[in-house]
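Start at 1 with the first residue, then count along the sequence.
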Amino acid sequence: MPQWKFPYDRDGVPSLDMRVQTRRGSQIELSGTVDSGASSTVLSLEHADELGFAPTDLRTDSEAVIADGSKVRCWTTSTPIRAQVLRPSPDGELHPWGPVFAVRPVFLEHASPLWGQADFFAVFGVMFWRNIAPPQFELSY
């Protein structure tokens with residue numbers, strides 16, 4: 001079983017870079033939080049635009065409940081999105097690692113990327129070690 005440990009970022013967050021692509025070929029690289037409390041992957045409407053989605057490609061979904069308990073408007077799309085983890089090499093370059101997998105994000109007006117349970121955690125086993133220095137998390141598939 002392939003596995004890799006990643007250090008938390010300098011803010012103490014389990015952050016991970018990903019390459020995200022639509023079926024139309026538009027792709028972007030995003031840094032987001034590996035969030036076991038997020039039921040879905042979350043991206044912003046700005047990311048939807050960067051991925052080539054027009055407003056007509058998005059449909060209003062039910063409200064999303066965010067971490068503070070408030071409800072916000074959200075959108076989804078039926079267009080598949082593909083993602084792959086980017087792993088830093090010793091020279092600092094990012095390289096694809098692990099499987100390419102389907103992502104069905106919820107888009108919010110203003111949001112930092114969150115890699116959530118419905119897709120990211122369905123593909124990867126995730127272990128968190130906050131009690132070691134430096135804190136790390138491990139992915140396996």
Point to revise | Summary of side-chain hydrogen bond (donor to acceptor under 3.5 Å, both in side chains) pairs that have at least one residue in residues 112-126, sequence neighbours excluded | key: T41-D119

Check your understanding: Taking only residues at least two apart or on different chains, which pairs with a member in residues 7-23 satisfy side-chain hydrogen bond (donor to acceptor under 3.5 Å, both in side chains)?
Key -> S15-S31, D17-S31, R19-E29, Q21-R82

Exercise for review: Report the hydrophobic cluster partners of L94, with the cluster defined as I, L, V, M, F, W, Y residues connected by side-chain heavy atoms closer than 4.5 angstrom, directly or transitively.
Suggested key: L86

Practice item. Sequence neighbours left out, what passes ring pair (Phe, Tyr, Trp, His ring centres under 6.0 Å) with F101? Give chain and number order. Key: F124

**Study point:** Residues which pass side-chain hydrogen bond (donor to acceptor under 3.5 Å, both in side chains) with S70, listed by chain and number, not counting sequence neighbours
**Key:** D68

Practice item. With sequence neighbours excluded, tell me which residues meet side-chain contact (heavy atoms from CB on, under 4.5 Å) with H110. Key: none

Exercise for review: Report the residues that fulfil side-chain hydrogen bond (donor to acceptor under 3.5 Å, both in side chains) with S44, sequence neighbours left out, ordered by chain and then residue number.
Suggested key: H47

Practice item. Output the rest of the hydrophobic cluster of M127: all Ile, Leu, Val, Met, Phe, Trp and Tyr residues reachable through side-chain heavy-atom contacts under 4.5 Å, sorted by chain and number. Key: W129, I132

Point to revise | Any pair counted as salt bridge (Lys or Arg N to Asp or Glu O under 4.0 Å), so long as it reaches residues 40-59, sequence neighbours left out | key: R24-D57

**Study point:** All side-chain contact (heavy atoms from CB on, under 4.5 Å) counterparts of W4, not counting sequence neighbours
**Key:** F6, R87, W97

Practice item. Output all residues satisfying side-chain contact (heavy atoms from CB on, under 4.5 Å) with E109, sequence neighbours left out; order by chain, then residue number. Key: L45, R73, W75

Study note, to complete from the structure: Contacts of T56 meeting side-chain contact (heavy atoms from CB on, under 4.5 Å) (sequence neighbours excluded), chain-then-number -> A54

